[in-house]
Amino acid sequence: MEKFKNNETVVFIGDSITFNSRWISEIFEYYATNQKDKNVKIYVCGVPGGRAESGLFDLERNILKFNPDRAVIMYGMNEIN
C-alpha cells in the first residue's frame, strides 16, 4: 500500500480485530512522528462482531461522518463459520 497523501483522511473498517488493533495505533504514531507535514487523519471504525454484510449499516452510521479519502477494509474473521 502506498503512503497516505497530504491532508488525507483514512478510515480502517472492520470487525473487533480492527477495533482492538494495536498496529493501527502504530501507523498513527508513524505519521504523527515521521510524517508530521502530511497532516494525515486516521480513524478506527472497527465494530466488535462486525461482518461484511453489516458494512453498509456501519458505513452510514460510523464512517461517512469522517468524509474519508481512503478506506482500509478488514472484515473477514466473523465470516469464517
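Numbers for residues simply follow the sequence, beginning at 1.
Note that CG of Asn39 is 15.5 Å distant from NZ of Lys5, once rounded to the nearest 0.5 Å. Here Glu26 contributes atom CD and Ser21 contributes atom OG; the two are 8.0 Å apart, rounded to the nearest 0.5 Å. Distance OG/Ser25 to CG/Asn20: 11.0 Å, rounded to 0.5 Å.
Nearest heavy atoms, Pro48 versus Ser16: CA-CB, 3.6 Å. Across all non-hydrogen atoms, the minimal contact from Val11 to Ile63 is CG2-CG2, 3.8 Å. Closest heavy-atom contact between Gly14 and Thr18: CA-OG1, 3.4 Å. Of all heavy-atom pairs between Lys3 and Gln35, the closest is NZ-NE2, 3.9 Å.
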- Determine, stepwise, if the pair Ile42 / Ile24 fulfils side chain to side chain contact (heavy atoms under 4.5 Å, CB included). CA-CA 9 Å; Ile42 296 174; Ile24 295 173; 4.2 Å; yes
- Task: I would like to know whether Phe19 and Phe12 meet side chain to side chain contact (heavy atoms under 4.5 Å, CB included); could you show each step before the answer?
- Result: CA-CA 9 Å; Phe19 180 81; Phe12 287 81; over 6 Å; no
Exercise. Could you check Ile13 against Val72 for side chain to side chain contact (heavy atoms under 4.5 Å, CB included), going step by step and ending with a plain yes or no?
Key: CA-CA 6 Å; Ile13 305 167; Val72 180; over 6 Å; no
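Linking ILVMFWY residues whenever their side-chain heavy atoms come closer than 4.5 Å, directly or via other members, places Leu64 and Ile73 in the same cluster. Tyr75 and Trp23 end up in different hydrophobic clusters when Ile, Leu, Val, Met, Phe, Trp and Tyr side chains are linked at under 4.5 Å.
For the side-chain contact (heavy atoms from CB on, under 4.5 Å) with Val10, the qualifying choice from Tyr31, Phe66, Phe4 is Phe4, the only one to do so.
The main-chain N or O of Glu29 is found under 3.5 Å from a side-chain atom of Thr33 such that the two form a donor-acceptor pair. The backbone N or O of Thr9 lies less than 3.5 Å from a partner atom in the side chain of Asp69, making a donor-acceptor pair. For Glu60 (side chain) and Phe57 (main-chain N/O), no donor-acceptor pair under 3.5 Å exists by modelled atom type.
A donor-acceptor contact closer than 3.5 angstrom is absent between the side chains of Tyr43 and Asn62.
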